[in-house]
2 protein chains.
Amino acid sequence: MIENSYYSQEVHGPYELHDIGNLELEEGGTIRGCKLAVATFGSLNAAKDNAILIPTWYSGTSKIMEQVYIGKGRALDPDKYFIIAINQIGSGLSTSPHNTPAPGGMGNFPRVRIGDDVRAQHKLVTETFGLDSLALVVGGSMGAQQTYEWAVRYPDMVKRAAPIAGTAKNTVHDFLFTETLVDAITADPGFAGGFYKSSEDVREGLLRHAKMWAVMGWSTEFFQQQRYKALGFSSLDDFIINFMNAYFAVMDPNDLLCMAWKWQRGDVSRHTGGDLRAALGRIRALTFVMPMSSDMFFPVADCQAEWRLIPNAEFRPIETIDGHLALFGADPNALAQIDRHLTELLAREA
Amino acid sequence: MIENSYYSQEVHGPYELHDIGNLELEEGGTIRGCKLAVATFGSLNAAKDNAILIPTWYSGTSKIMEQVYIGKGRALDPDKYFIIAINQIGSGLSTSPHNTPAPGGMGNFPRVRIGDDVRAQHKLVTETFGLDSLALVVGGSMGAQQTYEWAVRYPDMVKRAAPIAGTAKNTVHDFLFTETLVDAITADPGFAGGFYKSSEDVREGLLRHAKMWAVMGWSTEFFQQQRYKALGFSSLDDFIINFMNAYFAVMDPNDLLCMAWKWQRGDVSRHTGGDLRAALGRIRALTFVMPMSSDMFFPVADCQAEWRLIPNAEFRPIETIDGHLALFGADPNALAQIDRHLTELLAREA
């Protein structure tokens with residue numbers, strides 16, 4: 001357990017910590033007194049049918065979902081919906097390697113799967129918020145993985161689903177891609193098997209990890225059109241140092257690795273003995289599958305192949321040159337497309 | 001200077017070493033007694049107009065060009081052409097960091113540019129082989145970079161040019177991509193600033209570098225369709241360990257870094273004050289621009305943008321799911337396309 005002021009209400013709040021008790025994990029471990037950091041927006045209506053759940057992505061928290069996706073007049077309008085953004089396990093806000101006391105924290109933190117997150121979230125929204133249906137589950141990247149897991153695991157509860165820039169079953173290629181991110185961190189001698197004293201001991205590894213995100217997260221066109229200038233950076237170096245490095249260097253290495261391990265193994269076909277068609281066939285939610293057109297992690301073709309296996313789904317790719325990190329919202333045109341699709345999805349009878 | 005039996009006639013021969021004298025480099029250094037490793041196939045005709053030059057790519061040597069691209073009845077037919085495959089500086093066969101005596105070798109090896117290679121090759125083919133024209137310059141990846149450099153620098157000498165899976169000016173995105181390959185090696189404490197005793201001291205770095213090549217070099221579809229089985233590997237692990245790792249782990253880290261530095265800075269617009277249109281406008285060769293459809297390093301769009309700036313050029317993309325490493329020749333259909341285009345190019349009046 002180490003102090004890291006990045007993971008605080010000052011930076012990511014306001015949010016509430018909900019203790020959901022012990023969480024037994026699919027891989028065999030147990031998280032004792034598992035805490036989920038939850039930010040809510042708007043109010044639950046009397047019929048309890050206006051709840052929207054947003055799980056978070058790798059390195060992201062409820063704060064970026066609030067800043068980029070939620071707003072009056074937007075699809076995710078707190079005036080109309082009760083929006084629950086739940087930070088994933090390992091996010092640094094919910095129970096994570098860095099904030100778990102010894103002996104279970106740091107390099108000893110157990111392996112967590114996407115399914116563990118979704119069971120934990122299910123417990124929270126049913127027991128704490130008394131919900132028995134969700135008007136929409138929507139998330140990007142690992143949030144999309146959780147969205148798929150929700151729709152497959154609790155088909156009667158999820159009325160609509162919008163997985164953005166993510167897959168229901170991770171590909172071998174994406175597994176390997178992510179493995180290079182993992183290697184960047186673990187190869188740093190300062191990582192010390194996950195028992196560093198401060199994330200600064202792993203600085204070189206975190207910077208390599210950030211550089212790899214710079215090249216895989218965006219796209220060739222993003223750099224060719226110098227889109228980083230649109231994000232307010234004067235040059236490529238300025239962008240790498242003051243955006244990518246600044247963003248990732250303050251994070252906890254074990255927290256990132258916890259999320260990466262989950263990401264690599266996201267797979268709803270675990271429910272059906274490896275039969276992806278059967279797993280996706282369980283989905284009853286009206287589903288809009290929304291890949292980013294220039295995504296290197298979750299390419300359009302991979303998302304499209306899954307879309308074909310979902311009973312009641314539409315394929316709604318987002319045209320953008322911002323790659324996977326179009327999720328960050330730098331491309332207003334991509335955001336407008338997402339809003340348009342989500343608005344349409346929420347208006348549909350489901 | 002260290003011994004490395006991988007860079008030997010046994011593995012890559014037969015080839016001849018030609019000493020072209022001192023080579024003054026664009027970045028200010030000098031290679032004393034620069035040696036180029038050259039493999040030739042076929043015979044020069046009396047008119048001296050049947051010579052084909054093949055420069056090599058990153059980590060590749062003349063041997064793979066011979067094995068995959070040259071052959072009786074193929075486009076590059078030694079019965080018809082005098083084919084000269086020249087290993088690039090830093091390839092491990094020609095003058096390279098690992099085979100240069102102290103004090104100029106290893107971590108002290110000077111910065112070499114694509115233009116240095118091409119000037120060295122020009123000296124060799126004009127002085128040693130007495131050539132004043134080349135029927136074709138053809139190369140893949142860094143070989144394409146050298147092909148472009150040849151066509152821009154010596155427009156009267158190059159009759160035809162076939163840059164495959166490479167660009168005339170490297171993109172910012174590809175620069176960053178390659179930077180992560182460089183980081184994988186240099187971050188290994190065993191690298192010791194380039195003064196390791198054996199490449200085995202840098203084993204972890206070389207394996208990370210190999211894994212990154214595995215994910216960036218091929219494509220999502222390559223892995224999804226388990227194409228590695230077509231290469232004779234039983235599983236993904238078998239492929240990573242016994243192909244990717246086995247291939248790269250025996251190479252010299254400084255040699256790879258020498259090539260990577262060149263690759264990152266390949267740019268024919270250095271001849272025209274940064275004006276790429278003006279540089280490519282100098283090309284008189286009949287040029288077939290041949291990207292690989294699934295290439296992550298040199299995407300089709302990047303190659304296409306350059307093609308538009310070349311006066312007498314055709315755009316001939318190769319359809320394949322093998323990504324950049326379709327260059328290795330595992331996809332017979334891609335090879336057939338390349339052969340067909342090269343045959344057509346060589347048949348054209350130029």
Side-chain angles (χ1 to χ4, degrees), chain A residues 167 169-191 203-228 235-237 239-240 244 294-303 305-306 321 323, chain B residues 167 169-191 203-228 235-237 239-240 244 294-303 305-306 321 323:
Chain A
T167 51
K169 178 188 167 101
N170 204 25
T171 64
V172 169
H173 191 234
D174 194 39
F175 183 97
L176 281 174
F177 242 151
T178 311
E179 196 74 2
T180 66
L181 294 173
V182 171
D183 286 353
I185 292 173
T186 58
D188 189 325
F191 179 66
R203 186 174 170 279
E204 292 301 316
L206 287 169
L207 294 189
R208 284 196 299 275
H209 168 271
K211 197 188 282 176
M212 289 161 78
W213 264 105
V215 292
M216 300 176 198
W218 307 95
S219 75
T220 296
E221 286 70 31
F222 174 88
F223 289 101
Q224 227 159 14
Q225 299 192 20
Q226 305 194 321
R227 287 262 308 132
Y228 45 89
S235 68
L236 180 68
D237 272 1
F239 175 65
I240 299 292
M244 299 306 296
S294 48
D295 194 325
M296 282 196 278
F297 283 116
F298 302 96
V300 168
D302 292 342
C303 299
E306 292 183 339
I321 64 166
Chain B
T167 50
K169 178 187 167 104
N170 204 26
T171 64
V172 169
H173 191 236
D174 193 40
F175 183 97
L176 281 174
F177 241 151
T178 311
E179 195 76 1
T180 65
L181 295 173
V182 170
D183 286 354
I185 291 173
T186 58
D188 189 325
F191 178 66
R203 186 174 170 280
E204 291 301 316
L206 287 169
L207 295 188
R208 284 197 299 275
H209 168 271
K211 196 188 282 175
M212 290 161 79
W213 264 105
V215 291
M216 299 176 198
W218 307 96
S219 75
T220 297
E221 286 70 30
F222 174 88
F223 289 102
Q224 226 159 14
Q225 299 194 18
Q226 304 193 322
R227 288 262 308 131
Y228 45 88
S235 68
L236 180 69
D237 273 0
F239 175 66
I240 299 291
M244 299 307 295
S294 49
D295 194 325
M296 281 195 278
F297 283 117
F298 302 97
V300 169
D302 293 341
C303 299
E306 293 184 338
I321 63 166

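First the proteins, then the strands, lettered A, B, ... as listed; each starts at 1.
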Item to complete: Pick whichever of B:D174, B:D188, B:I240, B:T180 has the most heavy-atom pairs under 4.5 Å with chain A.
Response: B:T180

Worksheet entry | B:A305 versus chain A, the contacting section by heavy-atom distance below 4.5 Å | neither

Discussion item. Tell me if a side-chain donor or acceptor on B:H173 pairs with a main-chain N or O of A:V215 at a distance below 3.5 Å.
Written reply: yes

Worksheet entry | Interchain contact, B:Q224 with chain A, by part (heavy-atom threshold 4.5 Å) | side chain

Worksheet item: Between A:L236 and chain B, which part of the residue has a heavy atom less than 4.5 Å away: side chain, backbone, both or neither?
Response: side chain

Worksheet item: Does A:K169 have any salt bridge (charged side-chain N to carboxylate O under 4.0 Å, His left out) partners at least two apart in sequence or in another chain, and if so, which?
Response: A:D267

Fill in: Over all atoms of both residues, closest heavy-atom pair of B:D183 and A:R208
CB-CD, 3.8 Å

Worksheet item: Residues two or more places apart in sequence or in another chain: which of them pass ring-ring contact (aromatic ring centres under 6.0 Å, His included) with A:Y228?
Response: A:F239

Item to complete: Heavy atoms only, distances under 4.5 angstrom: which of A:P189, A:S219, A:A301, A:A214 has the most pairs with chain B? Name it, please.
Response: A:S219

Response to the item:
If one checks every heavy atom of B:T220 against chain A at 4.5 Å, the contacting part turns out to be both

Worksheet entry | Closest non-hydrogen atom pair between B:N170 and B:F175, with its separation | ND2-N, 3.8 Å

Fill in: Non-hydrogen atoms of A:M212 and A:A184 that approach each other most closely
SD-CB, 3.7 Å

Worksheet item: Does any heavy atom of chain A fall under 4.5 Å from the side chain of B:E221, the backbone, both, or neither of them?
Response: side chain

